[in-house]
Amino acid sequence: MSAAYRRGRRSAGAVTARAGDSSVDLSRLLDVVAAFSKQTICVVGDFVLDEFASCEISRVSREAPVLILRHRRTELYPGGAANAVNNLADLGARVVPVGVVGEDAAGRALLERFRRKRISTSSIVTSREWVTTTKTRYLAGWTHTTEQQVLRVDCEPEIALPARARAAIERNALRFAKRADATLVSDYGLGAATPALVRHLSAKRIMLDSRYRLREYATTGVTAATPNEPELEAAYQTQVGANTRKLDELGQRAIRELGIAALVVTRGKDGMAVFENGGREPKAPRHIAIYGSDAPVDVTGAGDTVIAVFTLAVAAGASYFEAAHLANYGGGIVVMKRRTATVTRAELEAALRRDATTQR
């Protein structure tokens, strides 16, 4: 640890960051981030390729009332569970990705992205029968204007995950989850991550991000989950809106039904709500105000960043509430970037130090 880094930590002292109805010690959060590089995280989930096609508006078609777009460039980014892997790598952790890709251009692109960052791909199954999910977003604008998304086209598998690939994923997940400091489960409903698989894992801690079936993970051994508010509403077919009391009721209900230690609900511009299992006496929910701007540039993949930072922070010794604060920083940073972006360890440390300096 450099002398400059030690001075930076001492200068933070016992400065706390107040957010919502609670606070945390920023110097403690810096200690947690410093331990990120010592952690090994196993990621089990659905790998997606995010494709962004940047186009210039040429004219309106004479054939139909639609825009004709002139293609400029195409950019590829890891999405879904692959985005969580990408974030963990940029945060300094050792990552073991477990999942499946097809023997197609999208699958090869994802594997190449991982290899560039020296992420081992040996635990990723490649299947001829599988199609790598690709989400293509078409962005359009005039020459000197900001691009806006005008269309998204998803290419997804039309069959269930083949039995051979499913068995290989389970073998790899069982092998690597028990060795890791934490296991991140990213379930986008494509078949690589399932409640049945999670139930068989022997892991120190399991963090869950499930798009469609949060309640199906009840009593599977999950430690904590990070749904967004619409996912929680869908799980219980209840609208929260501006009713914080209703949110608190749903959060307490979910944490009891799932049998988990913590639930972090992301709420967009309204920040986060953190629920912890207090046993017989439920703990009061705590709310964290949004970090940074409430006018995001691009929210694509922000949930993957949140679960990545949260998982890594808990593995590094943070409390659930401290980990939620760090995840809030990570989410606030990444939504100010374009495309499916990641947050780095250096960016987290810089944000914490800025707040420490401001609040001294």
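Only a predicted model underlies this, so the values are computations on that prediction, with no experimental measurement involved.
- Between Pro227 and Ser210, the closest side-chain pair of non-hydrogen atoms is not below 4.5 Å.
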Q.
Under the criterion side chain to side chain contact (heavy atoms under 4.5 Å, CB included), I'd like the reasoning laid out for Ile169 against Leu161: C-alpha separation, chi angles, the key distance, then a yes or no.
A. CA-CA 10 Å; Ile169 290 170; Leu161 185 64; 3.8 Å; yes
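- Between Arg70 atom CZ and Ser58 atom OG the span is 4.0 Å, to the nearest 0.5 Å.
- Between Arg175 and Lys178, the shortest heavy-atom contact is O-CG, 3.5 Å.
- Under the 3.5 Å distance criterion, the side-chain polar atoms of Ser54 are left unmatched by any main-chain donor or acceptor of Phe52.
- Here the rule is salt bridge (charged side-chain N to carboxylate O under 4.0 Å, His left out) with Asp50, and of Arg339, Arg137, Arg113, Arg152 only Arg137 fits it.
- Between the side chain of Thr145 and the main chain of Gly141, no donor-acceptor pair closer than 3.5 Å is present.
- The hydrophobic cluster containing Leu49 does not contain Tyr138, counting ILVMFWY residues as joined when their side-chain heavy atoms lie under 4.5 angstrom apart, directly or transitively.
- Taking CG from Asp187 and OH from Tyr212, the interatomic distance works out to 9.5 Å, rounded to the nearest 0.5 Å.
- Side chain of Asp181 to main chain of Thr40: a donor-acceptor pair is present (N/O by atom type, distance under 3.5 Å, no hydrogens or angles).
- Distance check, rounded to the nearest 0.5 Å: CG of Asn277 to CZ of Arg256 gives 9.5 Å.
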Q: Could you check Asp248 against His287 for side chain to side chain contact (heavy atoms under 4.5 Å, CB included), going step by step and ending with a plain yes or no?
A: CA-CA 10 Å; Asp248 291 349; His287 296 266; 3.2 Å; yes
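- Other residues, nucleotides and ligands contribute over 12 non-hydrogen atoms within 6.0 Å of the NZ atom of Lys117.
- Transitive grouping of hydrophobic side chains (ILVMFWY, heavy atoms separated by less than 4.5 Å) keeps Val48 and Ile159 in distinct clusters.
- Remark: Arg345 fails to qualify as a cation-pi partner of Phe36 under the 6.0 Å distance and 45° angle criteria applied to the six-membered ring.
- Comment: Glu170 does not engage Arg166 in a salt bridge, judged by the lack of any side-chain N to carboxylate O separation of less than 4.0 angstrom.
- A heavy-atom distance below 4.5 Å is not found between the side chains of Asp270 and Ile290.
- Counting only heavy atoms from C-beta outward, the side chains of Ile41 and Thr311 approach each other to under 4.5 Å.
- We find the CG-CG distance between Asn86 and Leu91 to be 10.0 Å, quoted to the nearest 0.5 Å.
- By the neighbour-count criterion of 12 heavy atoms within 6.0 Å, atom CZ of Arg205 is densely surrounded, having more than that number from other residues, nucleotides or ligands.
- Side chain to side chain, Asn87 and Asn83 meet the donor-acceptor criterion of an N or O pair below 3.5 Å.
- Within the 4.5 Å cutoff, the side chain of Cys42 has heavy atoms near those of the Val98 side chain.
- Atoms CG and OG1, from Asn328 and Thr266 in turn, are 10.0 Å apart once rounded to the nearest 0.5 Å.
- Not one N or O on the side chain of His325 forms a donor-acceptor pair closer than 3.5 Å with the backbone of Ala327.
- Side chains of Asp355 and Tyr329: a donor on one and an acceptor on the other come within 3.5 Å.
- Side-chain polar atoms of Tyr188 and Asp304 form a donor-acceptor pair below 3.5 angstrom.
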Q. When you look at Ile57 and Leu69, which way does the side chain to side chain contact (heavy atoms under 4.5 Å, CB included) test go after all the steps?
A. CA-CA 5 Å; Ile57 299 172; Leu69 306 179; 4.0 Å; yes
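- The shortest side-chain heavy-atom distance between Leu110 and Thr132 falls under the 4.5 Å cut-off.
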Q: Would you please test Leu111 and Thr126 for side chain to side chain contact (heavy atoms under 4.5 Å, CB included) and show each step?
A: CA-CA 10 Å; Leu111 295 179; Thr126 302; 4.2 Å; yes
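- In the hydrophobic cluster analysis, where Ile, Leu, Val, Met, Phe, Trp and Tyr join through side-chain heavy atoms closer than 4.5 angstrom, Phe176 is grouped apart from Leu88.
- Partner Glu231 forms a salt bridge (charged side-chain N to carboxylate O under 4.0 Å, His left out) with one of Arg211, Arg215, Arg213 and no other, that one being Arg211.
- Here the side chain of Glu233 pairs a donor or acceptor atom with the backbone of Val240 at under 3.5 angstrom.
- Annotation: cation-pi pair Arg253/Tyr236 absent, no NZ/CZ under 6.0 Å from the ring centroid and within 45° of its normal.
- Among all heavy-atom pairs drawn from Ala89 and Ile119, the shortest one is CB-CD1, 3.6 Å.
- When all heavy atoms are compared, the tightest approach of Ile333 to Glu347 is CD1-O, 3.8 Å.
- Checking side-chain atoms of Lys337 against main-chain N and O of Thr342 turns up a donor-acceptor pair under 3.5 Å.
- Considering every non-hydrogen atom in both Leu247 and Ala273, the closest pair reads CD2-CB, 3.9 Å.
- Panel note: side chain Thr121, backbone Ile124; no donor-acceptor pair is recorded below 3.5 Å.
- One N or O on the side chain of His200 and one on the backbone of Ala196 form a donor-acceptor pair closer than 3.5 Å.
- The closest side-chain heavy-atom distance from Thr223 to Tyr320 is below 4.5 Å.
- Atom-to-atom distance recorded for Leu312:CG and Met207:CE is 10.5 Å, nearest 0.5 angstrom.
- Nearest heavy-atom pair, Ala177 versus Leu201, reported as atom, atom and distance to 0.1 Å: CB-CD2, 4.2 Å.
- Residues Met272 and Ile307 share a single hydrophobic cluster, defined by chaining ILVMFWY side chains whose heavy atoms lie under 4.5 Å apart.
- In this structure, the side chains of Pro157 and Trp130 come closer than 4.5 Å at one or more pairs of heavy atoms.
- Using a 4.0 Å cut-off between charged nitrogen and carboxylate oxygen, Glu75 and Arg338 do not count as a salt-bridge pair.
- Hydrophobic cluster membership is shared by Val24 and Val264, with clusters built from Ile, Leu, Val, Met, Phe, Trp and Tyr side chains linked at under 4.5 angstrom.
- Counting heavy-atom neighbours within 6.0 Å of Lys246 NZ, excluding the residue itself, gives a total of 12 or less.
- Ala351 and Tyr291 get closest at one heavy-atom pair: CB-OH, 3.3 Å.
- Side-chain atoms of Asp46 come within 3.5 Å of backbone N or O of Ala192 as a donor-acceptor pair.
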